[in-house]
Trainee: 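Sharing a structure, written as structure tokens. Questions coming.
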Amino acid sequence: MASAEPPRTLMDFWLDAQRQTWQRLYGITDGQEGPPALPQMIAQWQQAATQGFTVWLTGADPFAQVMSRQLMNAQGTMLQVIESLARSWQDLTPRLAAGEDETRALREAAEHLRRQFFPEPATLARAIQESSDLWRLYIEEMQQLARPWAEALRPTPGAPPGGSALLELTSLYWDAYERSFGRLVESPRMGFSRELEEKLLRGFDAWADLRRASIHFQLVVANIWTDVFEQVLRGLAERSQTGRPIQSLHELLQFWTGVADRQLEAAFSGEAFLQAQRQLFNAAMRYRLHEQQIVEFGLRASYVPTRSEIDEVHRNLYELRKELRALRKELRQARETPARRAPARKKSP
Amino acid sequence: MSQPPIQLNPVNTLHELTEMHRKLVEGMRTLSRMRHDDIQVGTTPKDPVYREDKLVLYRYRPLVEQPFPIPLLIVYALVNRPAVADLQPDRSLVRNLLAQGMDVYLIDWGYPSRADRYLTLEDYIAGYLDTCVDVVRERHGLERINVLGICQGGTFSVCYAALYPEKVKNLTVMVAPIDFHATQEGRSGLLNLWGLGLDVDQLVEATGNIPGELMNFGFVMLKPLQLNFQKYLDALEMMDDEQKLLNFLRMEKWIFDSPDLAGEAFRQFVKDFFHANKLVRGEAEIGGRRIDLRRLTMPVLNIYAEQDHLVPPPSSIALGDHVGTSDYTLCAFPVGHIGMYVSGKAQRDLAPTIADWLKARA
């Protein structure tokens, strides 16, 4: 939950963002005088928001906290969108007025907007070029993967020594983890079996594929968002030319979501996106299967039942249940056969 | 450029923002007074009449003394929960059908756990669904009952009625995908396109059951800004009205209450229906028995939503090209997929349309 963040900081951040947003927005409306009561209005916002946050943070039902967060996020995004669009247009206007190539100017502005909302995928791509880095990152992820269940089984700090059977059991599990999987993944080149080495290497390949697919997907999505912003700016340009200015926040947001969703829908059915999505999804699932094999290796070494073993039990149970159901049905039909000729007996509904 | 495209008057904008904040704070106050239990869906009184594994068959308590003698069994999708057909008292297809004198049963498939990952379409259609039909038939002493299949439940109902035409008096399907490769204005539905690239075998191997959250993510991504962002801003407009806020929260509750999908059934549905489009090609099989849509010789009412972004209208409309009955009725509603359950138009007209059609075929 977001409230894990110090409330004061979160609130300050939110209010500052709003104040700046307003001030910037205010700055683009050239030649118009601002309302004299602006500082007071901002103060009122602050008061209202403080009350809202206070209510939000004290003892509200979890669903209300989630809902509040969604509302806050939506409003935060809205303010960011308004501010960015307004500022972009403010930057664009003198360039277009000076006769700069419209296509290029719009594309650059769109690219700039996209960078404000989404990280630069190229930076990520450069960061993982080296295979040694890849290996290191992979091992780190494997450790992250293995730790939660092991951590969960660790004794609580400060608990009485040798207390409950559960604590003894958790100690046992933790020791087993340390002896087996923990050490294995921390020392990939020493003391583990050929089988595990092969699983780790195959897992590494799958993981590297996933990283590549993920970066490719992010690049494709980044391009799509640049297209979205370009279309939004083009739409604004059209409204400018046809004398249909946007005159309220509500109208601006409707315009933005309408253009963006249409553009996204078209892009999401385009081959570039479909291919990137397919590659990412299938690579993620392939990696998950390798991940499962490696985790199961550790679990087996620790005498813990594996997912595959439980699946096998489930399969057997499913087949037995199905067989039982079929036998019951046959039995029922056999019993009912003589009565079939008579009309169905009515039971009180 | 003739004039700036964004002309926000500072005074008006300030007023707009202030009003928005006032509603937000008021909304958070209202929210803080609510508890999760206040947000109830599916509250029309009903009684469980049959249970099997995680499935429960309910019978709704009739609202009239002498309900229509042929009961109506509602078959909902495995995706999401059937509560959408009974979201709240004044937005309830179920309640409206009861008000029309119908005797309504509904299958609640439950929440499959990992232990259910091996359930197949055969188990759902020739197993659970067939058993439920038998239970209702026996309770009413009838050879045949009426079936209403909704969304994927409509696809299931079509399969079922083709396998067991002797048990279905009249078949109604609503926003049901039938031709999974049908296009609209030359374009396939996004879900179909996304499904085509899916290595479903690998997905099922990797996840066992398909997480409901994954399905939900896919649905939300069909209109990402509208469904992730705009709707919450729109919600601000109703924040100071507790009843409207409750309505919004009920819908939210339903949308994000997504059961996992049994892995094997999902695999078969995606491969045979989404990928290979076997249903309209006459090649789909359930438990080794071929689904021949020409065996749909009972009267069929096919209802679709003209603005459906999940099941493109041509996908539903295609049923008419394949059924064996001469009593086939196609009916359009000018709403979206969800609007079919909650829009004012659907609330007013949908249940009477179904009930009148059924009464004419008693």
Side-chain angles (χ1 to χ4, degrees), chain A residues 25-26 29 32 34-35 41 45 48-49 51-52 55-56 60-61 63-64 67-68 70-71 74-75 77-78 86 89 93 96 236-237 239-241 243 245-250 252-253 257 260-261 264-265 268-269 274 277-278 281-282 285-286 288-289 311 314-315 317-318 344-347 349, chain B residues 1-14 16-18 20-22 24-25 27-29 31-32 34-36 39 59 114-115 117-119 123 127 137-143 187 190 193-194 197-199 202-203 205-206 208 221 223-226 229-230 232-233 235-236 249:
Chain A
L25 188 67
Y26 187 65
T29 53
Q32 294 187 49
M41 295 299 280
W45 290 351
Q51 288 170 356
V55 171
W56 177 45
D61 193 283
F63 96 89
M67 188 65 204
S68 298
Q70 280 167 327
L71 293 169
Q75 206 197 27
T77 308
M78 176 200 79
W89 194 259
T93 307
L96 296 175
L236 286 175
R239 293 182 79 112
S240 174
Q241 282 156 358
I246 286 170
Q247 294 177 316
S248 73
L249 295 180
H250 182 74
L252 180 57
L253 284 167
T257 50
D261 266 347
L264 286 173
E265 190 182 346
F268 286 171
S269 55
L274 290 174
Q277 185 194 50
R278 192 180 310 145
F281 197 83
N282 291 338
M285 291 305 115
R286 200 158 45 245
R288 193 178 158 93
L289 285 170
D311 278 348
H314 283 153
R315 173 151 222 143
L317 279 173
Y318 160 77
R345 187 165 44 87
K346 179 166 183 171
K347 286 186 180 175
Chain B
M1 303 285 162
S2 54
Q3 56 177 302
I6 305 172
Q7 293 181 20
L8 302 178
N9 175 289
V11 177
N12 294 345
T13 306
L14 185 59
E16 211 177 343
L17 273 174
T18 307
M20 207 179 278
H21 288 303
R22 187 188 66 72
L24 180 67
V25 173
M28 287 203 284
R29 281 208 190 98
L31 277 169
S32 70
M34 290 180 177
R35 290 289 171 266
H36 192 261
I39 308 162
R59 183 196 188 208
R114 185 79 184 214
R117 74 164 281 191
Y118 297 103
L119 287 173
D123 295 315
R137 288 167 63 228
E138 192 174 335
R139 283 175 62 88
H140 290 263
L142 294 168
E143 292 296 326
R187 288 195 304 171
L190 261 188
L193 284 172
W194 291 355
L198 201 66
D199 184 342
Q202 193 174 245
L203 170 64
E205 289 311 306
M221 285 304 287
K223 289 182 185 290
L225 290 184
Q226 192 182 321
F229 166 62
Q230 182 73 50
Y232 294 110
L233 285 175
L236 281 175
L249 291 172

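Order of the sequence lines sets the chain letters (A, B, ...), proteins ahead of strands, with each chain counted from 1. What you see below is based on every heavy atom in this structure, not just the backbone, and it leaves out hydrogens, waters and symmetry mates.
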Trainee: When you compare the side chain of B:L198 with that of A:R278, does any pair of heavy atoms fall below 4.5 Å?
Mentor: no
Trainee: If I take atom NE2 from residue A:H314 and atom CG from residue B:L119, how far apart are they, to the nearest 0.5 angstrom?
Mentor: 11.5 Å
Trainee: B:Q202 side chain to A:N282 main-chain N or O, any donor-acceptor pair under 3.5 Å?
Mentor: yes
Trainee: How about B:K223 and A:D261: do any of their side-chain heavy atoms sit closer than 4.5 Å?
Mentor: yes
Trainee: B:G127, B:G208, B:A115, B:A235: which one forms the most heavy-atom pairs within less than 4.5 Å of chain A?
Mentor: B:A115
Trainee: To the nearest 0.5 Å, what is the distance between CD on B:E205 and CE on A:M285?
Mentor: 12.5 Å
Trainee: Where is the tightest heavy-atom contact between B:L225 and A:A260, given as atom of each residue plus distance?
Mentor: CD1-CB, 3.0 Å
Trainee: Heavy-atom distances under 4.5 Å only: say whether B:R114 touches chain A with side chain, backbone, both or neither.
Mentor: both
Trainee: Do A:L264 and B:M221 come close enough that some side-chain heavy atom pair is under 4.5 Å?
Mentor: no
Trainee: Please tell me if the side chains of A:F268 and B:L193 come closer than 4.5 Å, counting only heavy atoms from C-beta onward.
Mentor: no
Trainee: Please classify the contact between A:E265 and chain B as side chain, backbone, both or neither, with a heavy-atom cut-off of under 4.5 Å.
Mentor: both
Trainee: What I'd like to find out is whether the side chain of A:L317 reaches to under 4.5 Å of the side chain of B:Y118, using heavy atoms alone.
Mentor: no
Trainee: Taking only Lys NZ, Arg NE, NH1 and NH2, and the carboxylate oxygens of Asp or Glu, determine whether A:R286 and B:D199 approach each other closer than 4.0 Å.
Mentor: no
Trainee: Please classify the contact between B:L190 and chain A as side chain, backbone, both or neither, with a heavy-atom cut-off of under 4.5 Å.
Mentor: side chain
